[in-house]
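Shown next, in structure tokens, is the structure this report addresses.
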Amino acid sequence: MPDIKHYTELGLVNTKDMFKKAMAGGYAIPAYNFNNMEQLQGIIVGCAQSKSPVILQVSGSARKYADPVFLPYMANGAVQMVKALDADIPIALHLDHGNNFELAKSCIDSGFSSVMLDGSHHPFEENAALTKQVVEYAHEREVSVEGELGVLAGVEDEVSHEVSHYTEPEEVEEFVAKTGVDSLAISIGTSHGAYKFKVKPGEEVPPLRFDILEEIEKRVPGFPIVLHGASSIEPEYVKMINAFGGKMDDAVGIPESQLRKAAGSAVCKINIDSDGRLAITAVIRKIFAENPAEFDPRKYLGPAREELIQMVKRKNERVLGSAGKA
Ligand code: G3H
Ligand code: 13P
Ligand code: ZN
């Protein structure tokens, strides 16, 4: 494993201050998933250009893909790149959907500044005990911890659920008190992936359960809430993918207006993975379709990275409200 004692050596920060400011300012911190260099650069340049704080997040399998030794240095590369761009934005490196203590520990020991312990598929007591174990190890090192209560439909790092189980507001207070977590992911109708709802053409998607969110806010006032599965599945990208040989006809996401409303509440972190994947795929499909002889990766990964920069800037401004808040 890399010889890194603490995330501060990499120029990273935990999420404490970010969430405090987001809560007071009525906006949310973007948490963008990445797996490779082009995604990471797209995210970091987009956030530097829009002066937005950012949480760079990787699932356990994304960490494996990028290589656990290589990954922390990628995050440090992002920090250095931001400096070279003369920008000054807080950057956290976060484990997304960690499902056991050893994984969380290994991330903390190799430079992560924040980890999620997702025990949402376990019974309450087991989830709380697992989360608490991670909190104890993390807090000794000033690493932030995100827990989860309630189950989202869709696939989360190889664990898949058919239906959502909304978060029970009456469990939240006890969970937060028992575990000492710094933030909590809740289930109010979002889901992972590109097929979030089954709707007929022209039909509206069902609204998020803001009543549950409000009830949670009442029970733990001022406590940072996290929204997973929050991609909008931008129709322009879906259209482009389908126009150039793809097949994603029924893809549908969370309307931006719903996410903006959430960002103005206790929701301090909004997770976006699928929208970034779509932006990249749309551009690459178009280039391949129009230039079948192209085989220089820079010629398709470069424009894909540029599209991701524009998408990140757009989201930070229009959806998260985080632009200009660094
Ligand atoms: O919630 C899951 C994220 O979108 C990460 O997905 O496990 O395919 O990296 P992944
Ligand atoms: P999306 O699939 O909606 O982008 O959700 C990503 C996510 O929640 C990562 O944890
Ligand atoms: Zn998630």
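Just so it is clear, the values below take in all heavy atoms, side chains as well, and ignore hydrogens, waters and symmetry mates. Just follow the structure's listing: the first ligand is 1, and inside any ligand the first atom is 1.
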What atoms of ligand 1 come within less than 4.0 Å of a heavy atom belonging to S59?
-> 5 (C), 7 (O), 9 (O), 10 (P)

Salt bridge or not for E9 and K5, using N-O below 4.0 Å?
-> no

Would you call K196 a ligand 2 contact, heavy-atom distance under 4.0 Å?
-> yes

What part of H228, side chain from CB on, backbone N/CA/C/O, both or neither, has a heavy atom under 4.0 Å from ligand 1?
-> neither

Checking heavy-atom distances from atom 9 (C) of ligand 2 to each of I270, V58, L278, D96, the winner is D96

Does an N or O anywhere in I272 fall below 3.5 Å from an N or O of ligand 2?
-> no

H192 atom (N/O/S) at minimal separation from the Zn ion (ligand 3) | NE2

Heavy-atom nearest neighbour of atom 5 (C) of ligand 1 within options D273, D118, L152 | D273

Any N or O of N35 closer than 3.5 Å to N or O of ligand 1 = no

Hey, is ligand 1 close enough to N33 that some N/O pair sits below 3.5 Å?
-> no

H97: its N/O/S atom lying closest to the Zn ion (ligand 3) (atom name) | NE2

Would you say the side-chain atoms of H165 and H121 include a donor-acceptor pair closer than 3.5 Å?
-> no

Can T179 and T131 be counted as having a side-chain donor-acceptor contact under 3.5 angstrom?
-> no

Which ligand 1 atoms does D96 reach within 4.0 Å, using its non-hydrogen atoms?
-> 1 (O), 3 (C)

What residues, two or more places apart in sequence or in another chain, satisfy side chain to side chain contact (heavy atoms under 4.5 Å, CB included) together with R277?
-> D273

Got a salt bridge between K313 and E317, using NZ or NE/NH1/NH2 to carboxylate O under 4.0 Å?
-> no

Ligand 1 atoms nearer than 4.0 angstrom to some heavy atom of H97 are 1 (O), 2 (C)

Has ligand 2 got any nitrogen or oxygen that is less than 3.5 angstrom from a nitrogen or oxygen of N271?
-> yes

Does ligand 1 have an atom under 4.0 Å from some heavy atom of R277?
-> yes

Taking the side chain as C-beta and beyond, is there a heavy-atom pair between Y7 and N14 under 4.5 Å?
-> yes

State, yes or no, whether a side-chain contact exists between L149 and I186 at a heavy-atom distance under 4.5 Å.
-> no

K178/E125 ion pair, N-O < 4.0 Å | yes

H228 atom (N/O/S) at minimal separation from the Zn ion (ligand 3) = ND1

Check: V226 main-chain N/O paired with S183 side-chain donor or acceptor under 3.5 Å = no

For ligand 2, indicate whether the residue N33 contacts it via side chain, backbone, both or neither (heavy-atom separation under 4.0 Å).
-> side chain

Ligand 2-proximal atoms of A194, by part, heavy-atom distance under 4.0 Å = neither

Looking at D275 and K315, does any basic side-chain N land under 4.0 Å from a carboxylate oxygen?
-> yes

